[in-house]
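I have placed the structure first, in the form of structure tokens, so that the comments after it can refer back to it.
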Amino acid sequence: MSAHQNESPFAALSFEEQQRRWMEWRSRQLDYRPAEEDQAPAPPSRRLKLPNMPIAAPTRHAELDQVLSRHRQAAKKAGAFRSVQKDG
């Protein structure tokens, strides 16, 4: 058998004809559904413009506040610092 006999009928077509046949075949494979004309178009979406106001971020350091509070309480109980060394 020669190479010409093994060639498919599609391969024997010109490039333009191959493209046309491919598009025909592909169009049958697609799941085509025509658009329904009675559907109302979706309203255009409007962007909501928010005022430009600086908003403070919420504090998330409750544990640190507790540590600092305990530190202040301990400092009050300890009293004033007195050096051990005597001047003199």
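Just so it is clear, the structure is predicted and the values come from calculations on it, not from any experiment.
Heavy-atom neighbours of R20 CZ from other residues, nucleotides or ligands within 6.0 Å: above the threshold of 12. At most 12 non-hydrogen atoms from other residues, nucleotides or ligands lie less than 6.0 angstrom from CD of E63.
Interatomic distance, F10 CZ to Q18 CD, rounded to the nearest 0.5 Å: 4.5 Å.
Hydrophobic clustering (side-chain heavy atoms under 4.5 Å, transitive across Ile, Leu, Val, Met, Phe, Trp, Tyr) keeps F15 apart from L13.
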